[in-house]
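Residue numbers start from 1 in every chain, and the chains themselves are labelled A, B, ... in the order their sequence lines are given, proteins ahead of strands. Just so it is clear, the structure is predicted and the values come from calculations on it, not from any experiment.
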Amino acid sequence: MAKRKTHYWLLKSEPNAYSIDDLVKDRTTHWDGVRNYQARNMLRDEILVGDKVLFYHSNADPMAIVGTATVVQNGYPDHTAFDKTDKHYDEKSDPDNPRWFMVDIEIAQKFAEPITRDMLRENEITAGMMVLAKGSRLSVQPVTEDEWKAVHKLAKAKLK
DNA sequence: GCCAACGTTGGC
DNA sequence: GCCAACGTTGGC
């Protein structure tokens, strides 16, 4: 069976809602509540088991990449859209024709120190990351292999 | 708290 | 199909 090349992604979360520490505690989670079509398409079609994820804290102090995770379940319907009591309930998502999707991820590592936006901006490679672009609101973003590696170098450098 | 950027909605 | 109004995101 031909093996697909690993793809890399960045997932944003407000730590108030779900933080890296929550993921460390839970080990795995389903990435529910995404209600944006571009992000939905990636969750449904492009993000596959074995892909690697940068975990980013938005609207936080500090705003930073705080760890990594691995995708352990391909896209499947986001059941929180069917739950009237859920914050992300969407009456237009039909269980027979779901509108929203999610993947499952598992903690890989929590960085010893957060990789802040300033740190990302100062590095030649990570300075080009989508998450730094003005007005970048997409909560699921593709990351290049070079960016992935550069973030890890920053994480190691930070340990010194 | 402010507000620019962006996505969605709905009238026409 | 256009686009103004509106709501949300998210950095600062």
Visitor: Among A:Val140, A:Val53, A:Ile65, which one satisfies side chain to side chain contact (heavy atoms under 4.5 Å, CB included) with A:Leu10?
Guide: A:Ile65
Visitor: Output yes when A:Asp78 and A:Arg99 qualify as a salt bridge under the 4.0 Å nitrogen-oxygen rule, no when they do not.
Guide: no
Visitor: What integer distance in Å separates A:Arg117:CZ from C:dG11:P?
Guide: 5 Å
Visitor: Describe, in one word, how the ring planes of A:His57 and A:Phe55 are oriented to each other, choosing from parallel (under 30°), tilted (30 to 60°) and perpendicular (over 60°).
Guide: perpendicular
Visitor: Want to settle it: does A:Arg35 or A:Lys134 sit nearer the 5' end of DNA chain B, counting the closest nucleotide to each?
Guide: A:Lys134
Visitor: Report which part of the nucleic acid A:Arg40 touches: base, sugar-phosphate, or nothing (heavy-atom distance under 4.0 Å, all strands).
Guide: nothing
Visitor: For A:Thr116, what residues pass the side-chain hydrogen bond (donor to acceptor under 3.5 Å, both in side chains) criterion, not counting sequence neighbours?
Guide: none
Visitor: How would you list, by chain and number, every residue that makes a ring pair (Phe, Tyr, Trp, His ring centres under 6.0 Å) with A:Tyr37, sequence neighbours excluded?
Guide: A:Trp100
Visitor: Can you tell me the distance, in whole Å, between the OH atom of A:Tyr56 and the P atom of C:dG10?
Guide: 9 Å
Visitor: Enumerate the protein-to-nucleotides 5-9 of chain C contacts in which both atoms are nitrogen or oxygen and the separation is below 3.5 Å.
Guide:
from  : atom 1 : to       : atom 2 : distance (Å)
C:dT8 : O2     : A:Arg137 : NH1    : 3.4
C:dT8 : O2     : A:Arg137 : NH2    : 3.1

Visitor: Does A:Arg121 pair with A:Asp118 as a salt bridge, N-O distance under 4.0 Å?
Guide: yes
Visitor: How many Å lie between CE on A:Met119 and P on C:dG11, as a whole number?
Guide: 17 Å
